[in-house]
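Both ligands and their constituent atoms are indexed starting at 1 by order of listing.
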Amino acid sequence: MTDPAPARRLFIKTYGCQMNVYDSERMADLLRPLGYAMAEGPEDADLVVLNTCHIREKATEKVYSELGYIKQMKLDRQARGKSMTIAVAGCVAQAEGKEIMHRQPAVDLVIGPQAYHQLPELIARTHRAKGERLAADFAAEAKFDRLGPERKADGVTAFLTVQEGCDKFCTFCVVPYTRGAEFSRPAEAILAEARDLAAQGVREVTLLGQNVNAYGGEGGLAALVRQLAQVEGLDRIRYTTSHPADMDLALIAAHGEVEALMPYLHLPVQAGSDRVLKAMNRAHTAESYLRLVERIRKARPDMALAGDFIVGFPGERESDFEATLQLVVEIGYASAFSFKYSRRPGTPAAALPGQLAEEVKDERLARLNALLDDQQKAFNASQVGATLPVLFERAGRHPGQLSGRSPYLQAVHVAGPDHLIGQIVPVRIEGAAKMSLAGALALEFA
Ligand code: 5AD
Ligand code: SF4
């Protein structure tokens, strides 16, 4: 008997959005057949992938500074007779291309989001031709269906990409430039992947897309959701992130009719002032957003809303900012993501007059966050006393504890036996904090 070949070690550092989290998992899946297992940290890795994000200011500079550290680890490994391949993926790779290898010669591979299916081949090529440095072609071709069919599920929930790119061109945002035009994956491929995940024990899928509700397959996202709801074993469906302009009647109706579609919707509004929304090129007003949420809540009265907000957009006056606060009060958010406007070179808003001082942005962000925090706490507190179905995902931090999610995406901690992981079980909610709920099993489980 010979020992199996020593495993190669892979370390992926992921920045940014859930799309990148998903892409990182897929890269790990693609590299597994080449013998790559996960490393604890970059210093132990034969292959380090930085999966980068470009959405915020100085993102590129942060990547270069991280690469400086990793280069040092590469040199340390080389001194011990080991090698390290460094790859840069994601949106900074897309935006900077080969420039990355000029600025940081320790980088072996630059690979844009459209070229991940080539990763195993590119890695093999860098290894064969020692020292050959490669930049994958960044053509906006459909990458999805060239990815291998096998995907190893990791737990009882999974992300599933259905759409990529964005045609909306909000004036502050780099996504339409870095991720390119909208592209939707064929429904058949999505369903096949969903069935495969369900067969591996996945109970909940979150459909991903930069602009997921613009899904372009026949019948749109509503039809896809209805088909996914038929997949044996899939009990929960979520999707993120949505644009208000693509929230069509069929999708709203699905929220009232499809039991598996969870009552939590991430629907960014960005601002509450029509003047600012227009300058952002958002294609909705505060009023149209409020009416939309009203229609959604008519279909699904317990819908929990989450939002994204940008404070300090160029030209934002105090009165504009107050309109954002007013809108937040009127909607009542269950959770939210708020950002200070950050100037992204190449986007229209970066060239606008009226850029605001950092202190003004800080002060507005603090006021907005105070309001959003209060709403989140109030939303969580409103569930105390209720019994909610919880999907248990993993053992909790303390022995004998389980951790799961409510339909509204709240983390729920409960004392209970491990065999409940992967099951949806009624839990009586007894306590609430800002980030989670605590409860007790509502039924006796041996
Ligand atoms: N500045 C601040 N926030 C931004 N976002 C996108 N671009 C910018 C920017 N230039 C935020 C938006 C978006 C979320 C993913 O990131 O709120 O919905
Ligand atoms: Fe960016 Fe706007 Fe597209 Fe969202 S909808 S990805 S904010 S351009």
Side-chain angles (χ1 to χ4, degrees), residues 14-22 52-62 90-92 94-95 113 140 161-184 206 208-216 221 239-247 265-273 276-284 288-289 292 305-316 321 324 327-328 331 333 335-352 354-356 358 360-362 364-365 368-369 372:
T14 309
Y15 302 79
C17 65
Q18 280 163 334
M19 185 69 79
N20 273 9
V21 174
Y22 173 89
T52 60
C53 168
H54 201 234
I55 211 149
R56 268 177 253 303
E57 212 171 12
K58 303 204 185 95
T60 310
E61 288 316 308
K62 283 186 191 136
C91 295
V92 173
Q94 178 74 43
T161 293
V162 305
Q163 179 276 342
E164 271 219 16
C166 182
D167 297 339
K168 291 285 187 291
F169 290 93
C170 300
T171 56
F172 51 81
C173 184
V174 288
V175 166
Y177 310 99
T178 55
R179 291 281 170 148
E182 282 173 10
F183 172 82
S184 294
T206 301
L208 282 185
Q210 256 91 35
N211 206 1
V212 70
N213 59 343
Y215 177 71
L221 191 64
Y239 59 90
T240 197
T241 292
S242 299
H243 192 289
D246 293 313
M247 216 53 224
L265 183 62
H266 184 205
L267 195 64
V269 66
Q270 313 295 0
S273 147
V276 172
L277 287 168
K278 190 153 189 273
M280 288 177 164
N281 189 32
R282 282 294 293 179
H284 60 80
S288 71
Y289 182 88
L292 173 62
L305 260 290
D308 285 354
F309 301 90
I310 296 178
V311 301
F313 187 80
E316 184 188 72
F321 173 66
T324 299
L327 179 133
V328 170
I331 295 287
Y333 284 92
S335 76
F337 306 89
S338 44
F339 310 97
K340 284 190 284 182
Y341 170 71
S342 128
R343 207 168 174 171
R344 306 302 299 117
T347 58
L352 287 177
Q355 303 283 333
L356 297 188
E358 223 36 43
V360 177
K361 295 188 211 174
D362 285 333
R364 289 182 186 168
L365 184 66
L368 176 62
N369 280 342
L372 290 168

Subject >> Shortest protein contact, atom 16 (O) of ligand 1 (heavy atom only) >> reply: F339 CE1, 3.6 Å

Original post:
Which atoms of ligand 1 have any heavy atom of Q270 under 4.0 Å away?
Top reply: 12 (C), 13 (C), 17 (O), 18 (O)

Subject >> Protein heavy atom at shortest distance from atom 1 (Fe) of ligand 2 >> reply: C173 SG, 2.3 Å

**OP:** State the atoms of ligand 2, each with its element, that fall below the 4.0 Å cut-off from a heavy-atom position in H243.
**Re:** 5 (S)

**OP:** Report, in ascending order of atom number, the atoms of ligand 2 lying under 4.0 Å from any heavy atom of P176.
**Re:** 8 (S)

**OP:** Please verify whether a non-hydrogen atom of K340 lies at under 4.0 Å from ligand 1.
**Re:** yes

Subject >> Y239/Y215 aromatic ring centres below 6.0 Å >> reply: no

Subject >> Q210 (side chain) donor-acceptor with V212 (main chain) under 3.5 angstrom >> reply: no

Original post:
Of all the atoms in ligand 2, which lie at a distance below 4.0 Å from a heavy atom belonging to K168?
Top reply: 3 (Fe), 5 (S)

Subject >> Numbering as shown, the atoms of ligand 2 that approach F172 to under 4.0 Å (heavy-atom distance) >> reply: 7 (S)

Original post:
Does the side chain to side chain contact (heavy atoms under 4.5 Å, CB included) test come out yes or no for V174 and T347, once each step is laid out?
Top reply: CA-CA 7 Å; V174 288; T347 58; 3.9 Å; yes

**OP:** Note the single closest protein heavy atom to atom 3 (Fe) of ligand 2, along with its residue, its atom name and the distance in Å.
**Re:** C166 SG, 2.2 Å

**OP:** Return the orientation label for the Y289 and H284 ring planes: parallel under 30°, perpendicular over 60°, tilted otherwise.
**Re:** tilted

Original post:
Can you name the nearest heavy-atom pair linking F172 to R282, along with the distance?
Top reply: CE2-CD, 4.5 Å

**OP:** Please determine which of D362, I310, L368 meets the side-chain contact (heavy atoms from CB on, under 4.5 Å) test together with K340.
**Re:** D362

Subject >> Closest approach of any protein heavy atom to atom 10 (N) of ligand 1, naming residue and atom >> reply: S342 O, 2.8 Å

**OP:** Please state which part of F169 comes within less than 4.0 Å of ligand 2, counting heavy atoms only: side chain, backbone, both or neither.
**Re:** backbone

Original post:
What protein heavy atom sits nearest atom 8 (C) of ligand 1, and how far away is it?
Top reply: F172 CD1, 3.7 Å

Original post:
Is the backbone of D167 close enough, under 3.5 Å, to the side chain of N211 for a donor and an acceptor to pair up by distance?
Top reply: no

Subject >> Criterion side chain to side chain contact (heavy atoms under 4.5 Å, CB included) on T324 and V311, from CA distance to verdict >> reply: CA-CA 9 Å; T324 299; V311 301; 5.6 Å; no

Original post:
L265 versus M247: any side-chain heavy-atom pair under 4.5 Å?
Top reply: yes

**OP:** Look at atom 13 (C) of ligand 1 and say which protein heavy atom is nearest, naming residue and atom and giving the distance to 0.1 Å.
**Re:** D308 OD2, 3.5 Å

Original post:
Quick check, are the ring centers of F309 and Y333 under 6.0 angstrom apart?
Top reply: yes

Original post:
Any N/O/S atom of C170 sitting less than 2.8 Å from atom 3 (Fe) of ligand 2, backbone or side chain?
Top reply: no

**OP:** For ligand 2, note which part of P268 has a heavy atom under 4.0 Å away: side chain, backbone, both or neither.
**Re:** neither

Original post:
Would atom 5 (S) of ligand 2 count as contacted, meaning some protein heavy atom under 4.0 Å?
Top reply: yes

Original post:
After noting the C-alpha distance and the side-chain angles of S184 and V162, does the key distance pass the side chain to side chain contact (heavy atoms under 4.5 Å, CB included) rule?
Top reply: CA-CA 6 Å; S184 294; V162 305; over 6 Å; no

Subject >> Per-atom contacts, ligand 1 versus R344 - under 4.0 Å to a heavy atom >> reply: 10 (N)

